[in-house]
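A short worksheet on the structure shown next.
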Amino acid sequence: MRIALVLLTLTVTVLPLPAQAQRTYWHAGNFRYLPSTSGELVTFVDGLAHPNAGGYGKVSSTRAAAFNTFLDTLFAALQESFADGNTGDWCGVQRSAASAGYAVRRFYDTATGRWFVYGYDTSAYGQAYFFINPYAKRNLIIEVPHEPYDLGTGSQGARLFTALAARVLIINKEHRCSDPDATSCSGTTSACGGYFRESDVAHHDQNTLHLLHKWLNDRDSATRFVQLHGMAGSSSDIAEAADATTNDYDPGSVSVRFITSLKQYVPNGSTVHSCQESVGAPPSNLCATTNLQGRYTNDSSLNACTTSTSFASNRFLHLEQHATLRDNDHSDGYSWSNVRDALWDTWPTCDLNNGSTDCTVGPSQIQYSNLSCP
C-alpha cells in the first residue's frame, strides 16, 4: 500500500500589537486642575510681601491640624500623578488648602521652563510661602526664615532651589520683628529690640514653616536641610556654619564638611568658619544652638522650643552669611554660587527622579493651559 504524504503549507498572518498608550506626564494631566501663575522665580520671590505692621498671628492647633492634612493631600496627589498623569485629586488639594487658610497654584518658572507647586497663606496672619519641585533630583530642603531682615536670602534660596534641583523652598512671609509678643522658646538675640518675637519662625514653633519642616523631616530620614541667614560679619568673617548642636568641637560635623569645601571656592578661606571646627566660637558666635528647626532635626524627641542638644544628625546646616556671599555679584569672588558648589560637595547624593544620570533641574516643559474643577 502506498501512503501519500500531503504537506500543508500554513500561512500565518501576524497582527500588529496595539500601539502602546502614550504616557500622560505628571504636569500634563490632572495637575492642570491647579490654577496657574508664571514668572521668573528669583524675581517673583523678590516681590513677595513681608508685612511688618504687627498683624502676625501664630497658628492655632486647629489650623495646624488642617495644614498637616493639606500637606498629606498635596503630596499624595503628587505621588498619584507621577504614577499616572491622569490621576491625582488636585481639586481636592485646593479644597484641603482652603481649609488650612492656604492657596495652592502651579507655578511656571520662565527661567527654567519648569513647573513647580506654589503655596501661600490667604489669611492676614503672615504664614510661610513654599515652592515644591515635583521632579526634584536632590532630597534637599532650602529654608529662608528671615527675609527681608536678612536681605537677599530669599533670592539666594530661589537660585539654590533651581541650581541644585532641590525638593522644597520655604520662605517666611511675616517680617521677623513684626509681632510685639515674645516667643516662649529659649534663646537670646540682639535683633528686633533684643528678644525673639513670635513672628520669628526660626525661634517659635507655631507657624507653617516649622510645621512643613517637621512634616518633611519625619517622613524621610534621608532629607537634608540648609537654612539661610544673613549677618553683618566683616571682611574676615564672611560665613559661619553650624549644625545647631551645642558641640564646640566635632570634626565629623556637617558644618565642618561644608566650610572645608567652601574654603576651596572663596578667594580667602580664612574668612569662612565652622562652629564645630575648633575649640572656641567663630568671630560672630552665631552657632544656632537655639534654632528650632535644627533642634528638631537633631533630636525630635526633645522639646525643640526649650531644649538644645549635643546630638548631631548631620541633616541640618545653619548658614550665616555676609551680604557679599548671598548676592549675585561674582566680581569680588564671593557670591551665592560659592554656597551652591559647597552644598554640592557636602551632600553629593543626587538620586531622585533619575538624578544619577541627570542632576540638573531638567529640560523645559510645555506650559499647559488650566483645567477647571467641576
Say whether [X] and [Y], considering side chains only, have a donor N or O and an acceptor N or O under 3.5 Å apart.
X    : Y    : result
Q321 : Q156 : yes
N268 : T271 : no
T245 : N298 : no
R32  : S369 : yes
E277 : S274 : no

With rounding to the nearest 0.5 Å, note down the distance linking [atom1] in [X] to [atom2] in [Y].
X    : Y    : atom1 : atom2 : result
I141 : L212 : CD1   : CG    : 7.5 Å
Y56  : D200 : OH    : CG    : 9.5 Å
N172 : S199 : CG    : OG    : 9.5 Å
W215 : L74  : CH2   : CG    : 7.5 Å
F82  : F31  : CZ    : CZ    : 9.0 Å
L317 : R224 : CG    : CZ    : 11.5 Å

From the options H229, Q227, Q293, select the one residue that forms a side chain to side chain donor-acceptor pair (under 3.5 Å) with H318.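 With H318 as partner, side chain to side chain donor-acceptor pair (under 3.5 Å) holds for just one option, H229.
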Sub-3.5 Å donor-acceptor pair from the side chain of [X] to the main-chain atoms of [Y], do we have one?
X    : Y    : value
T309 : R295 : no
S178 : H175 : no
R106 : Y368 : yes
R105 : P35  : no
N247 : Y249 : no
R315 : A222 : no

Aromatic ring pairing [X]/[Y], orientation class (parallel under 30°, perpendicular over 60°, tilted between):
X    : Y    : result
F196 : H203 : parallel
Y296 : H213 : perpendicular
F67  : F70  : perpendicular

L286 reachable from V226 in the ILVMFWY side-chain graph, under 4.5 Å edges: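 Different clusters: V226 never reaches L286 through Ile, Leu, Val, Met, Phe, Trp or Tyr contacts under 4.5 Å.
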V168 reachable from V93 in the ILVMFWY side-chain graph, under 4.5 Å edges: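 V93 clusters together with V168.
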Picking from L140, N217, N139, what satisfies side chain to side chain contact (heavy atoms under 4.5 Å, CB included) with T223?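 Only one of L140, N217, N139 forms a side chain to side chain contact (heavy atoms under 4.5 Å, CB included) with T223, namely N139.
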Heavy-atom check, side chain of Y33 versus side chain of N370, under 4.5 Å: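 Side-chain contact under 4.5 Å: no.
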Might you confirm whether atom CD of Q367 has over 12 heavy atoms from other residues, nucleotides or ligands at distances under 6.0 Å?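 It does: Q367 CD has more than 12 such atoms within range.
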Y108 atom OH, neighbour heavy-atom count above 12 within 6.0 Å: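 Buried by this count: over 12 neighbours within 6.0 Å.
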Should the pair R176 and Y149 be classed as cation-pi, given the thresholds of under 6.0 Å to the six-membered ring centre and 45° from the axis?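 That pair qualifies as a cation-pi contact.
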